[in-house]
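For reference, the structure discussed in these notes is given below.
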Amino acid sequence: MSTTPVSVPPIGQVAVIGAGTMGRGIVMSLANAGVQVLWLDNNPQMIEQGLTVVAETYAHNVRQGRISEEQASSRRACVQPAADYAALAGVDLVIEAVYENLELKQDIFRQLDRVVKPEAILASNTSALDIDAIAAVTDRPERVLGLHFFSPAHIMKLLEIVRGAKTDKAVLDAALELGRRMGKVAVVSGNCHGFIGNRMLATYVREARAMLLEGAFPHQVDGALQGFGFAMGPFRMYDVVGIDLEWRTREMAGKGQDVPEVQVDNRLCELGRFGQKSRMGYYRYAEGSRQAEHDPEVDALVQQVSEQLGYQRREIGAEEIVERSLLALVNEGAKILEEGIAANSHDVDLVYLNGYGFPTDKGGPMAWADAQGVSAIRDRLLALQERFGAHWKPAALIERLAADGKRFSDVQEGRA
């Protein structure tokens, strides 16, 4: 690794690797900001399809009156296909956007490190993988970081910028500036599994799935959280993104498929109920419609799975659903603050407001918790720990803040 100060040239030309859904959205985010893009995929047909989708999206935006024909034309002109890695030699930034496989990403970064100019930044659009493990295969770890776009990338505002152990501040600053140019809400996260947003989401979803086994049904969980103000509940969200994504990831990893909380998902996937794309998931969807319709067959399946696993089902009210879902978010958010993964509670809230549909009027999970009072949050977590076990133990930061009469908003870089 170079010991000389890192200088980062202004980001003029960017390359995007991968022409799937995420790659297409990232290319449009860049082109919308007037950034020149070279686009590479190991399957040239994917690039052709991607260019067609981009052109169709812009044509639709013109018909809707959102942009002019001139704007559409200039945005299309920003995007050029690249024949191979060698064609990327002069770019200032590469964003890799292939599927979530560490070995594949490492292989791509090795190739990029050899061909792309030494001062260029290399970024991965991973949603959870270890940025340091990706950076380690290059000779420029100080110029490697994560740029986690949210799908659909050309519409969603949030951009998580993931700081590796060796990422230079000048590189982070360049990424933040590019985020501003694209009109994104950019938040810097430390490197851990799932970063800020998906790490917190994992605890929230685990709780939602646990409540299905204990006695709730998907429409009840979603209804309670939408009643609180979420844009959509967790099961509607899974229908949108595809229930099969995590299912296939567990299959490929060869672990996690026997966890009780994922058995309902597994059964749905075995039935080909992947969500909106198959017109059946946790809900049913009429042809061409995105309207989630309650499906009693899913209720019967949930009941069958939970009884087979030995659960004694009980009534679970909206209040308990909201309480457990929110406190799961807050407790994990506190651990993220404690570890310095997020610089402050406002950054955690920005992630949840802009990437996960948290109700704007509540200010985000940490602002909501501050409004409740940290001592009250601690007491509610202790009550849940008594009922449901050790995973509800309050984060050490919560104990500390409650003892000192402080708030999450008092925490900066892990210290209050």
Heavy atoms, side chains only, cut-off 4.5 Å: are [X] and [Y] in contact?
X	Y	result
Tyr58	Met28	yes
Leu384	Arg324	yes
Ser151	Val241	no
Glu323	Glu319	no
Thr203	Asn331	no
Val8	Arg143	yes
Glu160	Ile196	yes
His154	Asn61	no

With a 3.5 Å distance limit and no angle check, can you tell me whether [X] reaches the backbone of [Y] through a side-chain donor-acceptor pair?
X	Y	value
Asn354	Val185	no
Thr57	Val53	yes
Thr167	Val144	yes
Ser289	Tyr285	no
Asp347	Ala342	no
Glu96	Val98	yes
Asp173	Leu176	no
Asp41	Ile47	no
Gln13	Gly90	no
Asp132	Gly164	no

Between [X] and [Y], a side-chain donor and acceptor under 3.5 Å:
X	Y	result
Glu214	Ser306	no
Tyr85	Asn42	no
Tyr238	Asp265	no

Practice problem: Before giving the answer on side-chain contact (heavy atoms from CB on, under 4.5 Å), spell out for Leu329 and Phe358 the whole-Å C-alpha distance, their side-chain angles and the decisive distance to 0.1 Å. | Solution: CA-CA 11 Å; Leu329 283 178; Phe358 197 93; 4.3 Å; yes
Heavy atoms from other residues, nucleotides or ligands near [atom1] of [X] exceed 12 (cutoff 6.0 Å):
X	atom1	value
Lys362	NZ	yes
Gln64	CD	yes
Glu270	CD	yes
Lys117	NZ	yes
Gln45	CD	no

Non-hydrogen atoms of [X] and [Y] that approach each other most closely:
X	Y	answer
Met22	Asn125	CE-ND2, 3.5 Å
Gln385	Pro394	OE1-CD, 3.6 Å
Pro365	Asp349	N-OD1, 3.1 Å
Ala123	Leu93	CB-CD1, 4.0 Å
Gly281	Ile243	CA-CD1, 3.8 Å
Asp92	Pro9	OD1-CG, 4.3 Å

Under a 4.0 Å threshold between the charged nitrogen and the carboxylate oxygen, would [Y] count as salt-bridged to [X]?
X	Y	result
Arg199	Glu339	yes
Lys335	Glu338	no
Glu119	Arg140	no

Quiz prompt | Test side-chain contact (heavy atoms from CB on, under 4.5 Å) applied to Val137 - qualifying residues, sequence neighbours left out | solution = Gln106, Phe109, Arg110
Report the relative orientation of the aromatic rings in [X] and [Y]; use parallel for angles under 30°, tilted for 30 to 60°, perpendicular for over 60°.
X	Y	value
Phe235	Tyr282	tilted
Phe217	His219	parallel
Phe228	Phe230	tilted

Quiz item: In this structure, which one of Arg380, Met200, Met366 forms a side chain to side chain contact (heavy atoms under 4.5 Å, CB included) with Val330?
Solution: Met366
Practice problem: Would you mind telling me which of Ile26, Leu159, Thr126, Ile121 makes a side chain to side chain contact (heavy atoms under 4.5 Å, CB included) with Leu147? | Solution: Leu159
Quiz item: Yes or no on side-chain contact (heavy atoms from CB on, under 4.5 Å) for Lys393 and Leu381, after CA distance, side-chain angles and deciding distance?
Solution: CA-CA 7 Å; Lys393 183 182 179 187; Leu381 285 166; over 6 Å; no
Can you tell me how far [atom2] of [Y] sits from [atom1] of [X], rounded to the nearest 0.5 angstrom?
X	Y	atom1	atom2	answer
Glu207	Trp392	CD	CH2	4.0 Å
Glu251	Asn266	CD	CG	7.5 Å
Ile377	Trp368	CD1	CH2	4.5 Å
Gln291	Arg284	CD	CZ	15.0 Å
Leu178	Ile11	CG	CD1	5.0 Å
Trp247	Gln257	CH2	CD	8.0 Å

Quiz prompt | salt bridge (charged side-chain N to carboxylate O under 4.0 Å, His left out) contacts in which one or both residues fall within residues 223-249, not counting sequence neighbours | solution = Arg209-Glu246, Asp244-Arg248, Asp244-Lys277, Glu246-Arg250
